[in-house]
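These numbers come from the heavy atoms of this one structure, side chains and all, not from hydrogens, waters or symmetry mates. Chain naming here is simple, since letters A, B, ... match the order of the sequence lines and numbering starts at 1 in each.
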Amino acid sequence: MAGQYPDPQRNRGLTAIDAVIGLLVVLLVMQIWLLSATLDTYLAGHAEAALPAAAVSGLLCLACVALYRFVRRIDRNVRSGR
Amino acid sequence: MADNRAPTSEAPNESVPLWQDEFSVSQSGERYVNRRQLAKFLTLTSLGMFAGNVWIVVRSWLHKTPVYASSVVARVGEIPVGGVKLFQYPRPGEQCIMVRTAEETYVAYSQKCTHLSCAVFYSRQENRIECPCHQGYFSVHDGSVLQGPPTRPLPHVVLRRDGDRLVAIGMEPEV
């Protein structure tokens, strides 16, 4: 996909964005697992895990937001030709 | 987006063909838009997951320990060894099942399977509590899962013997 463009700057941008999307998917899968495990534990009557799980989920969410900002920055740079 | 648009998107221009005005993002730019939109979607989904975890925390903070009323659910000797009695506890409509497992031993659980809420029953031949919907089996002694799709044990009704009466005084875990 990335090789279709003669512009190496654009190719690099697409490759970086693909890598970031891969990372986002990994982080999201971790969050989905975390949410389902926490919900199952909570419904079993153990609420102790809820707070640490929410903290970890928040960190993962922050990482996702940072990666998304990175994607936007690459996108802006490539399209402005920098 | 603005960089990919035809120069005439703001106002009609006779020099630009209609197709270019309608499809104002170039094909190469579209790949970027798609990836950026996918990244945005994944980030928003991540926010949703975080909100779900926060909701569990808030719910566990707001959740107060319920006060269970005592309720006479059976009389000693009312059911034979291996027999079963159904009753409603802690509220009307919340069906529970009591089993007399030995001469002096009574156990009671919520009758709702922890998988998909089917009504469980006691199998005397197998000496276990079974869910007919998806073959989930629970121990009759402590309500723990023996096999099948349920992942959580049956909520246990705490019983107290008061003379010749069996009194339900609570649920573990709380429901």
Side-chain angles (χ1 to χ4, degrees), chain A residues 1-2 4-5 7 10 13-14 16-18 20-21 23-72 74-76 78-81, chain B residues 1-5 25-66 110 112 114-117 143-145 149-156 170-175:
Chain A
M1 289 201 304
Q4 291 174 2
Y5 300 109
D7 181 2
R10 215 176 175 89
L14 280 175
I17 291 175
D18 284 344
V20 168
I21 286 175
L23 268 175
L24 280 172
V25 169
V26 170
L27 293 180
L28 196 57
V29 167
M30 286 168 71
Q31 272 193 303
I32 292 170
W33 173 81
L34 198 59
L35 179 62
S36 64
T38 311
L39 188 61
D40 209 36
T41 313
Y42 173 69
L43 290 176
H46 304 284
E48 321 71 80
L51 193 59
V56 173
S57 184
L59 287 177
L60 292 173
C61 183
L62 280 177
C64 285
V65 170
L67 287 171
Y68 175 61
R69 286 171 64 90
F70 180 62
V71 166
R72 287 190 62 178
I74 293 173
D75 183 36
R76 207 170 39 241
V78 167
R79 284 200 283 125
S80 66
Chain B
M1 287 290 289
D3 297 340
N4 294 317
R5 292 185 71 83
V25 178
S26 67
Q27 197 176 23
S28 59
E30 188 187 55
R31 291 176 187 277
Y32 268 100
V33 173
N34 286 342
R35 281 167 168 80
R36 202 179 59 212
Q37 283 174 346
L38 177 61
K40 188 177 185 179
F41 169 75
L42 293 173
T43 307
L44 288 174
T45 311
S46 166
L47 271 171
M49 296 295 126
F50 176 52
N53 268 299
V54 169
W55 174 76
I56 294 174
V57 172
V58 170
R59 216 181 126 94
S60 67
W61 279 344
L62 296 180
H63 180 72
K64 294 184 172 52
T65 307
S110 166
K112 263 200 287 189
T114 52
H115 177 222
L116 289 176
S117 300
S144 58
V145 179
T151 55
R152 286 174 279 123
L154 288 173
H156 178 233
M171 299 285 288
E172 284 178 354
E174 293 147 359
V175 291

Which one, [options], leads in non-hydrogen pairs under 4.5 Å with chain B?
options	result
L39(A), V56(A), L60(A), V20(A)	L39(A)
A49(A), A50(A), S57(A), A55(A)	S57(A)
L27(A), V65(A), I21(A), L67(A)	I21(A)

Original post:
Which distance, rounded to the nearest 0.5 Å, do you find between the CZ of R35(B) and the CD1 of I17(A)?
Top reply: 7.0 Å
**OP:** Would you check if L34(A) and M49(B) make a side-chain contact, meaning some heavy-atom pair closer than 4.5 Å?
**Re:**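 Sidechains of M49(B) and L34(A): no contact.
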Original post:
With a 4.5 Å heavy-atom cut-off, do W61(B) and L51(A) have their side chains touching?
Top reply: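 The answer is yes, as the side chains (C-beta and beyond) meet within the 4.5 Å cut-off.
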Subject >> Contacting region of V71(A) [heavy-atom separation from chain B under 4.5 Å] >> reply: side chain
Original post:
Highest number of heavy-atom pairs under 4.5 Å with chain A: which of T45(B), V54(B), T114(B)?
Top reply: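 The answer is T45(B).
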How close do [X] and [Y] get, heavy atom to heavy atom, and via which atoms?
X	Y	value
L24(A)	L42(B)	CB-CD1, 3.8 Å
C61(A)	F50(B)	CB-CB, 4.1 Å
T43(B)	C64(A)	OG1-O, 3.7 Å

**OP:** Evaluate the criterion side chain to side chain contact (heavy atoms under 4.5 Å, CB included) for residue pair L35(A) and I56(B); output intermediate values, then yes/no.
**Re:** CA-CA 9 Å; L35(A) 179 62; I56(B) 294 174; 4.0 Å; yes
